[in-house]
Amino acid sequence: MWFHQIFGKIALDLNAFPILLIKENTSLSLGAVPEEVARPWMLKMKDYLQFMKVRLTLTVVISAAAGFMLASADVDMMRLVYLLLGGFLVTAASNGFNQVMEKDSDALMTRTSQRPLPQNRMQVKEGLWLAGTMGVAGTALLWIMISPLCGILGALALIMYTLAYTPMKKRSPFAVFIGAFPGAIPPLLGWVAATGRIDFGAWLLFGIQFIWQFPHFWAIAWVLDDDYKKAGFRLLPSLEGRGKKSSFQILVYTIGLIPITLLPYAFGMTGQISAVVVSLCGVMFFLQAFRLHMTGLHKAATQLMFGSFLYLPLVQIALILDKTGLP
């Protein structure tokens with residue numbers, strides 16, 4: 001009970017802050033300097049960071065680092081730095097291409113209307129040049145400084161996110177399934193950067209992040225459904241939108257996360273402490289999804305959304321701190 005209270009309290013407290021991950025609309029304050037008198041390069045840098053969705057990009061890179069740490073017996077710091085930098089560039093490129101492709105849609109939604117492309121602070125050609133440069137540089141860095149396999153994985157994530165997931169968002173809720181594949185590549189990429197191969201442990205981490213994305217993105221889609229509808233995005237799993245059919249599917253995936261996150265323990269990768277921690281996190285995540293299913297309240301969806309942000313890093317940290325060896 002106390003764990004549930006703390007977990008729910010954190011989710012409620014976070015609701016009071018401007019969490020830029022949900023908005024996908026990163027903006028950095030220029031402090032007390034009014035924008036009209038700020039230096040042009042400061043404004044341009046602000047637009048570039050917003051274009052890259054820098055905070056969202058950092059969360060993706062952290063997932064890659066988690067895979068690297070879990071797979072490493074002795075951490076190679078230089079290899080980790082190359083992974084972080086290359087992963088950051090590839091992810092930022094994916095986010096950039098996404099904004100170029102969705103420029104008109106972004107202009108229709110409240111949370112994205114102030115991005116540089118809809119506001120014409122950045123031209124499409126500039127956005128394509130910036131995203132393309134980051135994509136090539138990130139892929140090359142992963143390929144040359146770590147391994148060709150890492151470069152291939154980075155390029156695959158970029159291509160799937162840009163050419164498969166992004167166009168599908170207006171066509172079908174199936175977009176979330178498609179997007180879950182590139183979204184689950186970061187921990188797998190981190191594992192490969194550490195070990196040089198895709199083996200059973202890599203697929204375990206891929207599976208955990210793959211399944212987690214469904215309740216995560218559907219909770220976001222529930223909270224932001226009205227805004228998404230303005231642009232014609234269809235991301236909730238049921239055509240009825242916010243309803244029992246959608247919340248039931250969210251519930252099913254939170255249940256499925258519990259046994260999947262215990263597989264590292266079952267195969268000897270981690271110890272009993274992490275098994276207890278990930279089980280508790282899974283139960284709390286499930287209870288939040290159950291509350292949404294029973295009530296359908298916006299508040300319950302918001303709590304689930306913030307709970308999903310906490311869930312993945314808590315699980316990854318527990319696995320890293322309690323690792324026992326490779327399977």
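What's counted below: heavy atoms across the whole structure, side chains too, no hydrogens, waters or symmetry copies.
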Inset, instruction - Could you tell me if the ring centre of W203 sits under 6.0 Å from that of F200? - result: no
Legend entry - Side chain proximity check, I220 to Y228, heavy atoms < 4.5 angstrom: yes
Inset, instruction - Salt-bridge test for E102 and K170: reply yes if a basic N is under 4.0 Å from a carboxylate O, no otherwise. - result: no
Legend entry - Candidates F306, F309, F210 - the one meeting ring-ring contact (aromatic ring centres under 6.0 Å, His included) with H216: F309
Which donor-acceptor pairs under 3.5 Å do side chains of residues 272-283 form with protein atoms, sequence neighbours excluded?
{"residue": "S274", "atom": "OG", "partner": "T270", "partner atom": "OG1", "Å": "3.3"}
{"residue": "S274", "atom": "OG", "partner": "G271", "partner atom": "O", "Å": "2.9"}
{"residue": "S274", "atom": "OG", "partner": "D322", "partner atom": "OD2", "Å": "3.1"}
{"residue": "S279", "atom": "OG", "partner": "A275", "partner atom": "O", "Å": "2.7"}

Legend entry - Over all atoms of both residues, closest heavy-atom pair of M52 and T57: O-OG1, 2.8 Å
Inset, instruction - Output the distance between atom CG (L287) and atom CG (L292), rounded to the nearest 0.5 Å. - result: 12.5 Å
Legend entry - Modelled atom types, side-chain donor and acceptor of S238 and K244, under 3.5 Å: no
Atom pairs and distances, donor-acceptor, side-chain atoms in residues 132-158, under 3.5 Å, two or more places apart:
{"residue": "T133", "atom": "OG1", "partner": "W129", "partner atom": "O", "Å": "2.8"}
{"residue": "T139", "atom": "OG1", "partner": "G135", "partner atom": "O", "Å": "2.8"}
{"residue": "S147", "atom": "OG", "partner": "C150", "partner atom": "N", "Å": "3.2"}

Inset, instruction - Please determine, by modelled atom types, if R115 and Q50 share a side-chain donor-acceptor pair under 3.5 angstrom. - result: no
Inset, instruction - Flag the pair K229 and D225 as a salt bridge only when some basic side-chain nitrogen lies within less than 4.0 angstrom of an acidic carboxylate oxygen. - result: yes
Inset, instruction - Using a strict 4.0 Å threshold on nitrogen-to-oxygen distance, state whether D106 and K103 make a salt bridge. - result: no
Legend entry - Non-hydrogen side-chain atoms of L128 and V124 separated by less than 4.5 Å: yes
Inset, instruction - Could you grab the distance from atom CZ of R291 to atom CD of Q303, nearest 0.5 Å is fine? - result: 4.5 Å
Legend entry - M69, CE atom: more than 12 neighbouring heavy atoms under 6.0 Å: no
Inset, instruction - Can you measure from NE2 (H293) to NZ (K245) and round to the nearest 0.5 angstrom? - result: 12.5 Å
Legend entry - Side-chain heavy atoms of K53 within contact of N98, under 4.5 Å: yes
Inset, instruction - Grab the two heavy atoms, one from T254 and one from P215, that are nearest each other, plus how far apart they are. - result: CG2-CB, 3.7 Å
Inset, instruction - Measure the spacing between CD1 of I250 and CZ of F214 and express it to the nearest 0.5 Å. - result: 12.0 Å
Legend entry - Path from V60 to I185 over hydrophobic side-chain contacts below 4.5 Å: no
Inset, instruction - Would you please indicate yes or no on a ring centroid separation below 6.0 angstrom for W218 and Y253? - result: yes
Inset, instruction - Scan side-chain atoms only and decide if E126 and Y48 contain a donor-acceptor pair under the 3.5 Å cut-off. - result: yes
Legend entry - F88 side chain reached by L58 side chain, heavy atoms, under 4.5 Å: yes
Inset, instruction - Inspect the surroundings of CZ in F181 and state if more than 12 heavy atoms from other residues, nucleotides or ligands are less than 6.0 Å away. - result: yes
Legend entry - L49 reachable from L117 in the ILVMFWY side-chain graph, under 4.5 Å edges: yes
Legend entry - Sub-4.5 Å side-chain heavy-atom contact between L189 and F68: no
Legend entry - Q209 and S63: side chain donor to acceptor below 3.5 Å: yes
Inset, instruction - Grab the two heavy atoms, one from A289 and one from L304, that are nearest each other, plus how far apart they are. - result: N-CD1, 3.8 Å
Legend entry - Nearest atoms (heavy-atom pairs only) where G127 meets M122: CA-SD, 3.9 Å
Inset, instruction - Any chance you could measure R234, atom CZ, to L236, atom CG, to the nearest 0.5 Å? - result: 11.0 Å
Inset, instruction - Heavy atoms only: give me the nearest I178-A164 pair and the separation to one decimal. - result: CG2-CB, 3.7 Å
Inset, instruction - Quick one: closest heavy-atom pair of F233 and S105, and the distance? - result: CZ-CB, 3.9 Å
Inset, instruction - Indicate yes or no: at least one non-hydrogen side-chain atom of P237 is less than 4.5 angstrom from one of S246. - result: yes
Inset, instruction - Decide whether F248 and F177 are clustered together by the hydrophobic rule: side chain heavy atoms of Ile, Leu, Val, Met, Phe, Trp, Tyr closer than 4.5 Å, transitively. - result: no
Donor-acceptor pairs under 3.5 angstrom involving side-chain atoms of residues 257-268: please list them, not counting sequence neighbours.
{"residue": "T261", "atom": "OG1", "partner": "L257", "partner atom": "O", "Å": "2.9"}
{"residue": "T261", "atom": "OG1", "partner": "I258", "partner atom": "O", "Å": "3.0"}

Legend entry - Nearest-0.5 Å distance, CG of residue D226 to NE2 of residue H298: 7.5 Å
